[in-house]
Amino acid sequence: MEKLPKPSISALPRSVVERSSNVTLKCQCHVQNVTFMLGKLQDSGYEKEQSSAGHDAEFLLVNLEPKNAGIYFCAYKITGSHEWSEKSEHLQLVVTDGHDGPGASSIKTDTRIIFVTTFSCLIIFLLFPSVFLIYRCTQHDSSHEEANKRTSHSEFPQQEASDLSRPERVSLSTKDPQEGTYADLNMKAPSEAASVPAEEPPGSCECAMLTA
């Protein structure tokens with residue numbers, strides 16, 4: 001005689017629960033009017049049976065402790081038969097101590113993400129005004145330096161002009177005194193020439209007397 005197909009097992013609401021909480025292990029099969037048996041892999045003496053007119057049976061485990069954690073399975077047999085079906089797939093039941101379960105870790109992870117996000121936003125919010133103030137101070141300093149440069153450039157040509165005008169004055173005042181003497185001599189020469197009477201060539205008187 002072939003064995004009955006193996007049933008399925010599930011945990012409600014989930015297979016990871018906190019200490020002192022309750023969980024329901026549900027066994028299902030495709031046959032009606034059967035007797036289900038819930039067993040524990042690590043404990044050969046752990047067996048719970050429940051008859052069902054339908055296709056499933058629910059085993060309620062209350063006030064769970066860490067010792068109740070383990071690997072569970074179920075099987076079934078038809079009413080009037082002593083042959084059990086194949087065992088179901090194994091179900092790992094985890095009982096956590098307080099807030100150390102995966103749910104708590106996910107909550108911690110979410111809290112950490114929220115904290116990091118908030119902290120990052122705060123840093124960005126504080127960094128933007130700082131960058132803006134640094135930018136304004138830099139612009140102010142650069143404009144101040146530019147104004148100083150322009151002032152120094154405007155004063156420098158005036159100083160150069162004044163420095164250049166000094167040698168010219170000195171050069172004018174330090175002219176060769178002989179230049180004035182030469183000019184005076186050139187001015188006096190024509191006047192002296194005009195005042196001196198022209199000398200008559202020799203023999204001119206004798207020619208005049210003979211003509212007479």
Side-chain angles (χ1 to χ4, degrees), residues 1-140:
M1 183 178 179
E2 294 183 358
K3 281 193 174 184
L4 298 171
K6 62 182 179 182
S8 63
I9 184 172
S10 59
L12 300 173
R14 56 183 178 272
S15 59
V16 180
V17 294
E18 293 183 2
R19 188 174 187 174
S20 301
S21 62
N22 303 334
V23 68
T24 299
L25 300 182
K26 185 177 182 179
C27 298
Q28 289 181 304
C29 69
H30 299 288
V31 184
Q32 293 181 344
N33 298 321
V34 295
T35 300
F36 286 96
M37 181 268 295
L38 179 67
K40 191 174 183 182
L41 190 62
Q42 297 90 344
D43 188 358
S44 58
Y46 183 90
E47 285 188 5
K48 290 185 177 182
E49 294 185 7
Q50 182 178 338
S51 298
S52 173
H55 299 278
D56 55 31
E58 295 181 349
F59 296 88
L60 179 62
L61 306 181
V62 298
N63 196 19
L64 293 174
E65 295 293 335
K67 64 180 182 180
N68 299 125
I71 299 175
Y72 290 83
F73 64 89
C74 64
Y76 67 96
K77 65 180 179 179
I78 299 173
T79 302
S81 172
H82 300 284
E83 189 72 22
W84 290 98
S85 67
E86 295 183 18
K87 294 179 181 178
S88 66
E89 298 291 339
H90 295 163
L91 174 68
Q92 179 75 43
L93 181 64
V94 179
V95 180
T96 62
D97 187 9
H99 301 287
D100 297 333
S105 63
S106 63
I107 293 174
K108 290 180 181 179
T109 303
D110 295 341
T111 305
R112 191 176 304 166
I113 292 173
I114 293 172
F115 175 76
V116 171
T117 305
T118 305
F119 184 74
S120 302
C121 293
L122 183 61
I123 290 296
I124 294 172
F125 180 76
L126 294 177
L127 186 61
F128 180 76
S130 302
V131 172
F132 181 73
L133 289 176
I134 293 172
Y135 175 76
R136 290 298 299 273
C137 292
T138 306
Q139 291 293 108
H140 179 71

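Because only heavy atoms are used, hydrogens play no part in the values below, and waters and symmetry mates are left out as well, while side chains stay in. Positions are given from 1 along the sequence.
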What's the separation between atom SG in Cys74 and atom CD in Glu89, rounded to the nearest 0.5 Å? 10.5 Å
Tell me the closest heavy-atom pair linking Ala11 and Leu25, and the distance in Å. CB-CD2, 3.8 Å
Any non-hydrogen side-chain atom of Asn68 less than 4.5 Å from a side-chain atom of Val23? no
Taking all non-hydrogen atoms of both residues, which atom of Leu4 and which atom of Ile78 are closest, and how far apart? CD1-CG1, 3.8 Å
So, does Thr24 use its side chain to make a donor-acceptor pair with the main chain of Glu58 at under 3.5 Å? no
What is the distance from atom OG1 of Thr117 to atom CG of Leu122, rounded to the nearest 0.5 Å? 12.5 Å
Assess Lys87 against Phe73: is NZ or CZ under 6.0 Å from the centre of the six-membered ring, and within 45 degrees of the ring's axis? yes
With side-chain contact (heavy atoms from CB on, under 4.5 Å) as the test, pick out the partner of Thr35 among Ser52, Ser81, Ser51. Ser51
Show the numbers, then the answer: is there a side-chain contact (heavy atoms from CB on, under 4.5 Å) between Lys6 and Cys29? CA-CA 7 Å; Lys6 62 182 179 182; Cys29 69; over 6 Å; no
Test side-chain contact (heavy atoms from CB on, under 4.5 Å) applied to Val95 and Leu61, Val16, Leu64, the passing residue: Leu64
Strictly distance-based, threshold 3.5 Å: is any side-chain N or O of Gln42 a donor or acceptor partner for the main-chain N or O of Ile71? yes
Note, Ser15 side chain near Gln92 side chain (heavy atom, < 4.5 Å): no
Smallest separation among heavy atoms of Glu49 and Trp84, with atom names: OE2-CZ2, 3.6 Å
With rounding to the nearest 0.5 Å, note down the distance linking OG in Ser8 to CD in Gln28. 4.5 Å
Which atoms form the tightest heavy-atom contact between Gly70 and Lys40, and what is the distance? CA-CE, 4.2 Å
Rounded to the nearest 0.5 Å, what's the gap from NE2 on His30 to OH on Tyr76? Could you check? 7.5 Å
Note: Ala75 and Glu86 closest approach over all heavy atoms is CB-O, 4.1 Å
Locate the shortest heavy-atom distance separating Arg19 from Asp97; write the atom from each residue and the value. NH1-OD1, 3.5 Å
Mutual orientation of the aromatic rings belonging to Tyr72 and Tyr46 [parallel < 30°, tilted 30-60°, perpendicular > 60°]: perpendicular
With rounding to the nearest 0.5 angstrom, report the CD1 to OG1 distance, Ile113 to Thr118. 11.5 Å
Under the side-chain contact (heavy atoms from CB on, under 4.5 Å) criterion, do Met37 and Lys48 qualify, and how do the steps go? CA-CA 5 Å; Met37 181 268 295; Lys48 290 185 177 182; over 6 Å; no
Using a 3.5 Å distance criterion without hydrogens, assess whether the side chain of Asn22 forms a donor-acceptor pair with backbone atoms of Asn63. yes
Answer yes or no: is there a donor N or O on one side and an acceptor on the other, between the side chain of Thr96 and the main chain of Val17, under 3.5 Å? yes
Quick one: CG on Leu60 to CD on Gln50, what's the gap to the nearest 0.5 Å? 10.0 Å
